[in-house]
Structure formats: C-alpha cells, structure tokens
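Single-structure report; data block below.
Below, read A as the first sequence line, B as the second, and so on, with proteins coming before strands; counting in each chain starts at 1.
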There are 4 protein chains.
Amino acid sequence: MVAGMPPPATPPPPPASPPPRAGRPRSTTADAAILEATRDALVELGWSKLTLGDVAIRAGVAKTTLYRRWAGKNELVVDAVAVLFDELELPDRGSLLADVEGVVLQFAALLERPETKTALMAVVAESTGDEPLRQRIRTAIVDRQKRLVLIGRERAQARGELPYEEDSEAAARNADLIFDVIAGAVVHRTLVSCEPIDEAWAHSFTLLLVSGLGSIQE
Amino acid sequence: MVAGMPPPATPPPPPASPPPRAGRPRSTTADAAILEATRDALVELGWSKLTLGDVAIRAGVAKTTLYRRWAGKNELVVDAVAVLFDELELPDRGSLLADVEGVVLQFAALLERPETKTALMAVVAESTGDEPLRQRIRTAIVDRQKRLVLIGRERAQARGELPYEEDSEAAARNADLIFDVIAGAVVHRTLVSCEPIDEAWAHSFTLLLVSGLGSIQE
Amino acid sequence: MVAGMPPPATPPPPPASPPPRAGRPRSTTADAAILEATRDALVELGWSKLTLGDVAIRAGVAKTTLYRRWAGKNELVVDAVAVLFDELELPDRGSLLADVEGVVLQFAALLERPETKTALMAVVAESTGDEPLRQRIRTAIVDRQKRLVLIGRERAQARGELPYEEDSEAAARNADLIFDVIAGAVVHRTLVSCEPIDEAWAHSFTLLLVSGLGSIQE
Amino acid sequence: MVAGMPPPATPPPPPASPPPRAGRPRSTTADAAILEATRDALVELGWSKLTLGDVAIRAGVAKTTLYRRWAGKNELVVDAVAVLFDELELPDRGSLLADVEGVVLQFAALLERPETKTALMAVVAESTGDEPLRQRIRTAIVDRQKRLVLIGRERAQARGELPYEEDSEAAARNADLIFDVIAGAVVHRTLVSCEPIDEAWAHSFTLLLVSGLGSIQE
DNA sequence: CTATAACCGAGACGGTACGTCGCGTCTTCGG
DNA sequence: CCGAAGACGCGACGTACCGTCTCGGTTATAG
C-alpha cells in the first residue's frame, strides 16, 4: 500500500527482498504512524484543512520524512484511506439479494465515516487532470473492490440464480456496469443527496438492481 | 442563482422587488462576468489551482468585489456551474427507455466538460462538514435536477408504461431512489471509473434500470 | 483652520465673506464634529491605526463629506491638533526666567496629551517630501507659536532684562534659534528620551537657556 | 543590532556564542541585504510608502523571511537606520566650543539624509503607545549617542574648560539635559522648522549652549 | 413656487498592502 | 544514508483602508 517515492517509486517485486543498500534503513514504524495520523487529521479537519505539516507533527515525524515517501497530499491520503476499503467483505448470506443488500449496507457504513466521506470525493476531484493520481486511485481503491462483484456473481451462478456467461468480454462489461451502479448509487445517496442509507433504502435498491439484472444477462 | 452575501445571503423571495436601499447599487454586469471567468478558469486550471485573485483579474473586477458577493471559492464555483446543470432537458423520445437513455447521455456529456468534471466532486467533498455549502449545492444543483425524474415518470405514466402511484410518500422515495441510481451510476462511471459513457453503456444501464423499475412499483 | 478642498482650496481672503454660491451650503456643525472625532480617535488609536472611515463614523458623517474638505489624513490631523497648540499662553510671571519656565511646563503638558504626542511627530515625518503639508504645518502650528518667543522677548526688553536689538534681521534669527532650542529640547525630552518634564528639569533648562542668551545678544 | 524575532527577541548576551541549535541556520547574508534594501527604499519612497513586500524584493528575499526576523516595519526601520547614527564621531578640535560645533554639524548632515529624515520622526511617532518599540529605539539609537556628550565633557574637563562634578547623579542629569538640548534643537531646526543648519547657526547655537553651561555647573 | 445647484448619507467600486499559512526544498546536526 | 529540526523562496489567502464613484434624498438660493 505504501510506495516509496524517489528510490523505488514503484512497488518492489513482491518476493524479492529489496537489496539492502548502504546507510541507515528507513524507519518501519513511521509509515504506519503517518497513515494513521493522516486518518486522524482527516476526521478532525477534513480534506481541505489537512496539512502535511500537521500530519508530520501528529505522527512525530519530520516533514522531510513524509515527502521522501509520498509525492504530496493526494497520494498520501489515497494510501491512508485505501486500507479502509479493504475491510469490505462479502459473507455468504444465502441469496444474491441478501448478499447485495449486505454489501450495500457495509459500503454505506464505510462512507459514513468522516475520513472516507471527506477524502474520497476530494481525491477523485483532484484526479481530474492528474493521470498518475487517477491510476493510483484505481489500483489502490477502485479495482480492488470489483472483486466483490465478481465473488457475488460467482456465488450466485453456483446457486443457479444467475446463468453462466460465455462471452467473457461481455461478462467483464456487465461486472463493471454493476459495480458502477452499486457504488455510484451508494456514493450519490450518501455524499450528494446526503440522505442516510437505511435498510429500507438498501432493500429497495437491491430489489431494483437484482430484478434488472435478468434483462441484461442474455 | 447569484446571492448577495451579507445582506440577503439567501435568494430573496422571487416576486418581491428588492427594496432600493441607499448607496451605490451593485454592478449588475459584474456577476455574469465573474461566473463566466470562474468557468473559464476551471477549464484552464482545474479546481485546485483556481484562485479567486485570478478569477477577479479575468473578470476585470477587484478581488474585494468578489468576496463581497461570495463567501469563498466553494460558493462561487457552485453558482458558476449550477447554470450548466439547468441546461439538461428531457425531450420526449416516445418511450421511457428512450427518454432515460437520452438523459443519461446528456448528463454524461455534461460531466465530460472539464469545468463540471473538476468542480462537482470538489465542492461535494468540501461540503462534508460544511452544512451551509451542502444546502447551497442541494438547492442550486441537486434538487433542481430531480425535476427530470418527475417529468419522465409523469410522461411514462401517461403512456401507460408505469402505473400511477397512490402513496405519494412512496412515490417521492422512489423518485429519489431513481435519481440517485441514475446520477450515481453516471457520475461514478465518468469520474471514478473514468470510462467513457457511450451509447452501448447507456443502453445496457437503461435496460437494467427500467427492467428493475417494475419490481418496486407495487 | 478649515479649508474647503476643491472649491477654494486656499484660505479665502480673511475679511471678505465667501461669495454665497448657490446650492446647499456645507454643514457648519460637521467640521467641528469631525475635528473632535479625529482627536478622540487619535487618543484611542494613535496615528497609525487611525482611519478616515472610522473618523467619519465617529463624527456621524459620510466619508465623502470628509474628503470634500480635507485632502487626506495628514491635513485633517494637522487641523485637528492645531487648535490645541493655540491654547499656549505666556502669562507675565515677572521675570524672563519665570516666563520661560512657565511656557516650558505648558508646552510639556501639551505634549503629554496622547493626541498631540502621537500626531505631532507623525505629521512632521509625513511632511518629509510633501511640501504642501510642510507649509500647512508651518502656518497652522509652528509659526503661530513663535509669537510666544516674540512676546517674551518684548516683555524682557521692557523689563530691561534684554537689550533692544537694532539689526532686525539678526533679531529674527535669534528668535528662531531660541524657538528651536526651547521647542526642540522639550519635544526631544518628551518624545524621544521619553522622560517626564518636571519642574526641576524645566528650571535647569531655563537657567541654561537664559544664561546663554547674553552671549549672543551683542 | 539585528535581533532574531521569536527565539531571542532581545539582543543575546554579547559574549555567549549562540548555542548551535538544530535545523538550518538563518542566512547570515540576508540581514545585511535586508537592512540595506530598507535604507534604499526609504530614500526612494519615504517612510509611508515603504512596503515590506518591496523591501523583500529589493533584498532578493521572501517576505516571510523578513517577518521571521522583525516584528514589523517599525522594528525593521529602527535597525536599518541605527547603524547610520553610529557613524557620528567626536574628533578633538581643541576646544569645547569647536567640539560641540563639530558634532552639531555632523548631526545636521546626518539628518539631511533622506533615509534618516523620513524615518526618525516616523518611528518616534509610532513608539507612542508601543513600549517595546520605544525601548528598541532607545537602546539602538538614542542611548548609544549619549556617549558623545560624555566624551565631550570628559575632554573639556581635561582641558580645564569645565569643572569636575562630584555628585555623579547630578552629572548624569546634566548630561541628559545637554543631550536633549543639542539633539532637540538640531532635530527641530531640521525637521520641524525645515531650515538648513549652516555654520552660522551652528556657531550661534553652540555659543548659546556653552555659555549657558557655566550656570548649571555649580 | 419651482428650478437648479450643491450638499449629504450610504455603500459599492478598483486598488494596494497587509500579515499569515501552507507548500515543497534546502541545509544543518546527530545517530 | 536516515531522521529531526527548521529556515528558505514562493504563492495564495482573506482583510483592511484607500480614495473614487454613483445612487437617492435634502436644503438652500435664484428666477
């Protein structure tokens, strides 16, 4: 999740231990402290009033240390909130309807948290006209959550609720569509319309979605 | 859409002519110039690099004039982009499916414009923890577009494509749900997933939505 | 003391009543109110924090009214404090020594007042490189007080304490010198050295001055 | 003469070398550049039109650097002109009369310089109601020049022109008095009366002063 | 008795400078 | 070589006054 900035800049090859260069190694505890401090600051101050200097102080770390590891506020915040999205799960509730409803409520709960609420839209806004940031958001947050759609479909297919698709390309398109509909509706309801997502809404929405699914599956 | 800052702060009651107070009246041409300059600057610079000082210069106006009328960048940008959203229309294309598809494509085209792309998410992000800003967004942008859902439903009901709802409260809830689904999906696809919305996607999505509509109409 | 700005701009010929032009005449009460408000503001805020807008409010007058009558802060303050200097008198105390000591103490008391303390040095500083202002200070304040030196000398000459001078030019030079010595010493002691002027100091200084006078009177 | 702002704020104890604290040290060249730029700006613009932003540009320094080291315009200008006053000297011209006349002319020449002319009165005016500034002026400018009086007296006493004083307290009072008289008269003549100080005036004044000295020396 | 002219209050206007804040970089010291 | 500390150049912030202007309304003299 963390990406060293100037030296590696890209995630090092997973199994290969990074060649132990000379000099003092980077503090391993600092990363975690910084990311947590970032989340804390997001909760207290919100995106626009969050400053890297403040994060550094909260983390008990020098500002230079921070810039050595992240290119700026955007990148730092993406990493800081990305882990929160990985908490989403898709426990088997026995039916496609229940599975979707469950993930909708989970996602809604996540978006109610002040750190995600303020950070998500902000980094997306910043990613307009910042291609590297857009990529980072995709790999760190968006694409990782598509797994939920895939798992859910697989499970529904195993249950016989959904047919197996032969055209793998169309299947991918459908997964993307479903992902955009679910994530989009929840995000819009929560952050734009600013209305709470209760079980009633989740149920109505899920019903709408699952009912509509049949029509695009042939 | 423009609201004087300290004195009225909220849109004055429409039919009441503003009582001609003493002193030099505010320049009527300045507002339009400022809002246009704001949109231009958004296109060229994007949200985060837009400065009020720069807007003032572009508009040929003093920075103080700007602060006299808007509380800050957020409020200014909301007003500047709000008018763009009012351009959305719902021409009668003969069927609910076609109507929805049309508005989806229109909305997608609007979100492709750089000024809306960069501004919308940003002000929504800022509205977290800024209740007045949230209200302004709702009244200036969000609520105004719900009319499209209402018109579309009415028209579909007239065509017999949708039943008339008796429970007006449930009808309102359904309208909100549909609005969140449409707007959310389009926004998410465009700004988060960053994939273009072509006619194929619009068709698939519309099919999914309209098919699902039946299931929540009883 | 008050000088209309654009129309007369220069003090009108003293005995000639200004030709009663058409239109509403200037408020006669406003001038006094403004000058008093200026002195009040000087006491409370000091020179550098005094603003014309504030003076206008205190005087219950529009800012434009103020600018119609004075060219700016400098001119206004000169007029506002000038009257205070006219309060200085030279009562006959029976001897040159006593007369000088008396005026020294009077002058010191005047300079202890916060409005003169903060204003005098400030306008003098501003008069550097502002010839019109310099003239105004001279005519409104400085030259008017030279009368005290002239009266004192006359009186001392009548008493026989000082000889009558024949060379009128030299007499003028001497008067100027004495004026600079007295005023300068008192001002410097009060405002630069910031030490109080008590009777002991006044006595020592007067002794020094009067004793020295003999040496330049031939 | 230069004083760091937040940390020491007052001139550190002379012999103690400043403990080399952590972090990047302050630029040593910047101080001199800033003070010189300040003097240049004073000459060109005068006190009231001098801006710290402009000084920063002239010095090739960021505005914040300036504010890090001085509290404001007043303090900066005091430091900038203080060094000029240290140039005053008292060469031995053989007699008390000549010595005084010499220093009067030197002082007059100093006050003719535009930077001192415009700055001195201004900072004195500002020091009204600003006790720290008053202290700074005293320590940086005023008290340092009293040395001239002390040296002159000593020399005159050595020559037998003046008696040695036994009461050291009275001696101090006399020195202060003489200082105020000399400095005051020169300042007043130069800046208030705005008349040039030529040798004739200097001679008359010196004669007056030195003649009067005898009367307060017993 | 009505013009007409100059005044007045109020307040918005284009400017300039302010003093602060955060950015991202740099330069030092010590580990 | 890393990390802390902190000064640096830079640029934008939002505010305060400046001196000017444009209003509607008031109060005089002149016709």
Side-chain angles (χ1 to χ4, degrees), chain A residues 7 20-27 30 48-57 60-73, chain B residues 4 6-7 20-28 30 48-54 56-57 59-69 71-73, chain C residues 6-7 20-27 30 48-57 60-73, chain D residues 4 6-7 20-28 30 48-54 56-57 60-69 71-73:
Chain A
R21 285 168 302 135
R24 176 174 171 177
R26 283 189 177 169
S27 163
S48 64
K49 294 184 183 171
L50 176 145
T51 66
L52 293 202
D54 186 46
V55 169
I57 291 173
V61 143
K63 216 169 29 150
T64 35
T65 299
L66 221 147
Y67 279 103
R68 250 188 287 270
R69 305 182 186 203
W70 286 277
K73 189 167 158 175
Chain B
R21 291 167 301 132
R24 177 174 174 175
R26 286 193 174 166
S27 163
T28 53
S48 63
K49 294 185 184 170
L50 176 146
T51 51
L52 292 203
D54 185 48
I57 292 172
V61 145
K63 205 171 37 151
T64 42
T65 296
L66 227 148
Y67 279 103
R68 245 174 243 127
R69 306 184 185 202
K73 191 167 155 175
Chain C
R21 288 167 302 135
R24 178 176 173 176
R26 285 190 177 167
S27 163
S48 64
K49 294 185 182 170
L50 176 145
T51 65
L52 293 201
D54 186 46
V55 169
I57 291 173
V61 143
K63 213 169 34 149
T64 35
T65 298
L66 222 149
Y67 278 104
R68 236 173 255 127
R69 306 183 186 203
W70 285 277
K73 189 168 158 174
Chain D
R21 291 166 301 130
R24 177 174 176 175
R26 286 191 174 167
S27 163
T28 54
S48 62
K49 293 185 184 170
L50 176 146
T51 356
L52 293 203
D54 185 48
I57 292 173
V61 146
K63 205 170 36 150
T64 42
T65 296
L66 227 147
Y67 280 103
R68 248 175 240 126
R69 306 184 185 203
K73 190 168 158 175

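- Rounding to the nearest 0.5 Å places CZ of R69(C) at 6.5 Å from OG1 of T65(C).
- Judged by atom type and distance alone, K63(A) reaches the base of dG24(E) through a side-chain donor-acceptor pair under 3.5 Å.
- Atom CG in L52(B) sits about 5 Å away from atom P in dC13(F), given to the nearest Å.
- Summarising the geometry, the separation between OH on Y67(D) and P on dA17(E) is reported as 12 Å, rounded to the nearest angstrom.
- The side chain of R26(D) places no N or O atom within less than 4.0 Å of a non-bridging phosphate oxygen (OP1 or OP2) of dG6(F).
- Between the OG atom of S48(B) and the NZ atom of K73(B) there is a distance of 6.5 Å, given to the nearest 0.5 Å.
- Rounded to a whole Å, the CD1 atom of I57(C) is 12 Å from the P atom of dA16(F).
- Under the side-chain contact (heavy atoms from CB on, under 4.5 Å) criterion, T51(A) pairs with D54(A), sequence neighbours left out.
- Nucleotide dA10(E) holds its P atom 14 Å from the CG atom of L66(C), rounded to whole Å.
- Note: NZ (K49(A)) to C1' (dC13(F)) measures 13 Å, nearest angstrom.
- Residues A30(B) and G53(A) both approach DNA chain E. Their nearest nucleotides, taken by heavy-atom distance, put A30(B) toward the 5′ side.
- Regarding contacts with the backbone of dC8(E), a side-chain N or O of R69(C) is found under 4.0 angstrom from either OP1 or OP2.
- The nearest whole Å value for the distance from the CG atom in D54(C) to the P atom in dC18(F) is 9 Å.
- In this structure, CG of L50(C) is placed 10 Å from P of dC17(F), rounded to the nearest angstrom.
- A donor-acceptor contact shorter than 3.5 Å is absent between the side chain of R68(D) and the backbone of K63(D).
- Of all nucleotides listed (dA4(F), dG15(E), dC13(E)), dA4(F) comes nearest to the side chain of A62(A).
- Within the structure, every side-chain polar atom (N or O) of T51(C) is placed at least 4.0 Å from both OP1 and OP2 of dC17(F).
- In this structure, L52(C) CG and Y67(C) OH are separated by 4.0 Å, a value rounded to the nearest 0.5 Å.
- Under 4.0 angstrom from either OP1 or OP2 of dC8(E) there lies at least one side-chain N or O belonging to R68(C).
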Protein-nucleotides 26-28 of chain E N/O pairs closer than 3.5 Å?
unit_1  : atom_1 : unit_2 : atom_2 : d
dC26(E) : O2     : R24(D) : NH1    : 3.1

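- Closest approach of A30(D) and V61(D) over heavy atoms only: CB-CG2, 4.3 Å.
- With DNA chain E read from its 5' end, the first of the two nearest nucleotides for V61(B) and K73(D) is the one closest to V61(B).
- When the side chain to side chain donor-acceptor pair (under 3.5 Å) test is applied to S27(B), the partners found at least two apart in sequence or on another chain are T29(B).
- Both G72(B) and G60(D) sit near DNA chain F, but only G60(D) has its closest nucleotide nearer the 5' end.
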